[in-house]
Amino acid sequence: MPLRWYTVVVETTDPARLARWWGEALDWQLVHEADDEVVIIPRWADEIGPKLTFHQTPPGLVFVRVEHEKTGKNRLHIDLAPHTSDDRDAELARLEALGATRIDVGQGDKPWTVLADPDGNEFCVLASREW
């Protein structure tokens, strides 16, 4: 049986702050908080989680404390996609109002927008998709 994708771990000097930012950005809920680790999961995961098998359970995001600031470009990033019924520009504006910044990582003229969270972690907002 294949492994389950359990979580993505994000290193940060302030796990609570960054977890709350991503929770607001994704509308996910905080399910664990300690000084050195904070976990968020999709809101719907709690509701349907008991009906899912181990391998169907969605991954969460775990924010862990480190002493060093982020340096350099991410080697791995998250792509976010609004549904075709959503206003992509409004979503970009919402993320920027939360504290995301538009950045240039050499992407050129592409149908996605590269942003950085308050710690400088890059992520993309893609064109609207149904899947």
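Both backbone and side-chain heavy atoms feed into the values below; hydrogens, waters and symmetry mates do not. In this chain, residues are counted from 1 in sequence order.
- To the nearest 0.5 Å, atom NE2 of residue H32 and atom CD1 of residue I41 are 12.5 Å apart.
- Scored by the salt bridge (charged side-chain N to carboxylate O under 4.0 Å, His left out) test, E37 finds no partners at all (sequence neighbours excluded).
- Between K70 and E122, at least one side-chain N (NZ, or NE/NH1/NH2) sits under 4.0 Å from a carboxylate O, which counts as a salt bridge.
- Of all the heavy atoms in H77 and C124, the pair that sits closest is NE2-SG, 3.6 Å.
- Applying the side chain to side chain contact (heavy atoms under 4.5 Å, CB included) criterion to L52, with sequence neighbours excluded, gives I48, Q56, T57, P58.
- Proximity of a side-chain donor or acceptor of R65 to a complementary backbone N or O of D35 within less than 3.5 Å is detected.
- Listed for the D87 side chain is a donor-acceptor partner under 3.5 Å among the backbone atoms of D89.
- The backbone N or O of G60 sits less than 3.5 Å from a side-chain atom of T7, completing a donor-acceptor pair.
- Judged as a side chain to side chain contact (heavy atoms under 4.5 Å, CB included), and not counting sequence neighbours, the contacts of R17 are T12, D14, P118, D119.
- Residues V114 and W112 meet the side-chain proximity criterion, which asks for heavy atoms closer than 4.5 Å.
- Counting all heavy atoms, side chain and backbone alike, L126 lies closest to P82 at O-CD, 3.4 Å.
- Between E11 and E69 the shortest side-chain heavy-atom distance does not fall below 4.5 Å.
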Give the table of side-chain donor-acceptor pairs shorter than 3.5 Å for residues 100-109, with sequence neighbours excluded, one pair per line with atom names and distance.
unit_1, atom_1, unit_2, atom_2, d
R102, NE, E96, OE2, 2.9
D104, OD1, G106, N, 2.6
Q107, OE1, V105, N, 2.7
Q107, NE2, I103, O, 3.2

Could you check S85 against H83 for side-chain hydrogen bond (donor to acceptor under 3.5 Å, both in side chains), going step by step and ending with a plain yes or no? CA-CA 5 Å; S85 65; H83 188 270; 3.0 Å; yes
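- By the salt bridge (charged side-chain N to carboxylate O under 4.0 Å, His left out) test, R43 pairs with D27, sequence neighbours left out.
- In this structure, V10 belongs to a hydrophobic cluster whose other members, linked by side-chain heavy atoms under 4.5 Å apart, are W5, V8, L18, W21, W22, L26, W28, L30, V38, I40, L61, F63, I78, L80, L92, L95, L98, L115, F123, V125.
- Ion pairing of R94 with E91 is present here, as a side-chain N (NZ or NE/NH1/NH2) and a carboxylate O approach within less than 4.0 Å.
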